[in-house]
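Everything on this sheet refers to the single structure shown next.
Residue numbers start from 1 in every chain, and the chains themselves are labelled A, B, ... in the order their sequence lines are given, proteins ahead of strands.
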Amino acid sequence: MIMSGLDLDIEHGSRVAIIGANGTGKSTLIRMLVRLVEPGGGDIRLLGETVRELDAPGLKRLRSRVGFVFQRHNLVTRLSALTNVVHGVQSRMSGPRTWTQLLAPRQVRAEAMHCLERVGLADKAMARIDTLSGGQSQRVAVARMLMQRPELVIADEPDASLDPKSGEEVMATLAALANEQDATLIFVSHRMEHAIRFSERIVGLGGGRVALDKPSGAVSEAELTRFFHHD
Amino acid sequence: MTEVKTPPARHLPPRVERVNPVAFVLTVAVAAFVIWSMTTAGPSLDQLARGLPNIGNILSRMFPPDLERIDRILWSLFQTFQMAVAGCAIGLVLSVPLGILAAEGLSPHPAIRTAARSLIAVFRTVPDLVWALIFVIAVGLGSPAGVLAIAIDVMGFAARFFAEAMEETDKGPREALSALGANRLGMIMSAVLPAASPSMIATSLYCLEKATRASVVLGLVGAGGIGVELKVAFDLFAYQTAATIILVILILVIAVEQTGGWLRRKII
């Protein structure tokens with residue numbers, strides 16, 4: 001069992017960083033929130049839903065309200081940035097018009113372009129993902145997430161596979177966008193400076209439970225580094 | 001000069017590992033079966049000695065190729081290629097859903113996956129000539145039987161490779177779309193098929209090459225195409241006409257293979 005007796009409440013609109021050493025269950029915890037990992041027990045309430053009790057259509061509806069950004073961009077590399085962003089509309093539409101920008105309705109294309117503009121990549125709309133840098137690809141993934149118009153944004157180490165500058169850009173974009181949309185942001189990061197700078201609250205996992213829970217302003221990088229070394 | 005010291009013989013490893021008795025018996029049995037098959041089913045030296053001059057005789061009677069009926073032969077070749085294209089197109093279109101049903105992680109249920117895999121195995125295992133015989137009985141002599149035989153043969157090959165290509169695609173984009181609430185069809189059409197498309201196009205081009213070769217021989221069992229012309233030419237000992245037919249078939253097959261190879265390199 002990775003976690004036991006873990007109790008955590010997160011307020012709507014807040015920005016929370018989850019930290020912890022490898023293997024403490026950070027990714028498992030945030031994946032369990034939308035049942036990308038099935039929880040073996042316990043109780044998860046998210047956006048007014050009891051997650052474990054949801055049937056397949058209910059789970060699909062919940063997932064459509066939650067934007068998930070992964071450690072890797074998880075885009076289709078052979079397709080254009082615009083088509084990948086259009087895919088985000090599948091949270092509320094289905095059918096061939098959501099499969100490619102070629103068939104997408106005018107308003108969906110326009111919204112996808114707006115999402116790309118918000119992450120500063122409108123000029124790369126027709127570029128294939130495999131021609132973009134890692135940081136740009138991750139920002140396209142953020143744009144796809146924005147197409148969902150999410151109420152909650154979950155990010156699993158979105159800065160992990162990027163160089164320091166790109167990682168910081170992606171985190172800044174995520175935090176700013178969550179702020180603009182009044183969406184809750186929960187992110188996992190191994191970079192202490194990102195945890196402090198882009199969150200209001202830091203939750204540290206250790207020994208399968210919450211071992212640290214403080215406002216970001218009340219902790220220093222040195223304290224967080226000590227936390228890592230202890231747990 | 002430095003003297004090389006040879007280690008004592010007892011320190012050297014054995015040249016051959018200790019033989020497993022079961023593996024040894026199996027190897028001997030297989031070797032015996034191969035030799036037995038060659039002696040009973042293969043041509044004897046006497047037959048080879050008598051047959052080679054006959055082949056030389058037939059080849060000499062084929063030249064020069066007879067071009068008198070070239071317009072009819074070329075038209076028949078064109079119809080044969082149409083048969084290959086139509087059969088291949090039908091087979092490939094049906095292979096996509098069949099491949100999805102047979103692919104692990106995409107098939108809606110393990111039982112459906114097993115059924116789809118079994119159907120593909122049946123399509124693949126039965127030779128195209130046997131399918132042609134079945135369809136000649138079912139729909140009558142001519143190209144429709146050939147088109148159906150090619151379509152089934154293509155499905156046996158392409159659906160399996162399509163399923164494997166789809167299984168091998170990166171799971172990340174699928175997981176991302178699943179996480180945002182996309183349905184199964186959306187995931188397949190948006191994430192799986194675009195990623196698998198280079199491999200699927202390469203398989204499709206190979207299928208067209210295979211279908212072109214198959215379409216030539218299907219005529220031998222009455223399933224349309226230039227094969228009928230070839231059979232008639234041989235039956236009437238019109239070897240020069242047969243040579244023309246063989247040459248135009250060769251040109252068509254090489255042209256399709258070369259074009260397919262060029263397209264594959266361009267796409268992949």
Look only at the side chain of [X] and the backbone of [Y], and say whether a donor-acceptor pair between them is shorter than 3.5 Å.
X     : Y      : answer
B:T80 : B:S76  : yes
A:K60 : B:G181 : yes
A:K26 : A:I19  : no

Could you grab the distance from atom CZ of A:R139 to atom CE of A:M145, nearest 0.5 Å is fine?
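Those atoms lie 13.5 Å apart.
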Could you tell me the separation between the CZ atom of B:R117 and the CG atom of B:L101, rounded to the nearest 0.5 Å?
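It comes to 11.0 Å.
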Side chain to side chain donor-acceptor pair (under 3.5 Å) between A:S189 and A:D159: does it pass, once the steps are laid out?
CA-CA 7 Å; A:S189 184; A:D159 51 0; 2.9 Å; yes
Contacting region of [X] [heavy-atom separation from chain B under 4.5 Å]:
X      : value
A:T100 : neither
A:L75  : backbone
A:R144 : side chain
A:R61  : neither
A:V66  : backbone

Of the backbone (N, CA, C, O) and the side chain (C-beta and beyond), which part of [X] lies under 4.5 Å from a heavy atom of chain A, both, or neither?
X      : answer
B:L177 : side chain
B:T169 : neither
B:D170 : side chain

Quick one: are the ring centres of B:F157 and B:Y206 less than 6.0 Å apart?
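Yes; B:Y206 has its ring centre under 6.0 Å from that of B:F157.
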Heavy-atom pairs under 4.5 Å with chain A are the metric here; pick the option from B:A191, B:P194, B:A195 that has the most.
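Highest number of pairs under 4.5 Å: B:P194.
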Selection from A:H87, A:R65, A:H73 maximising heavy-atom pairs under 4.5 Å formed with chain B
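It is A:H87.
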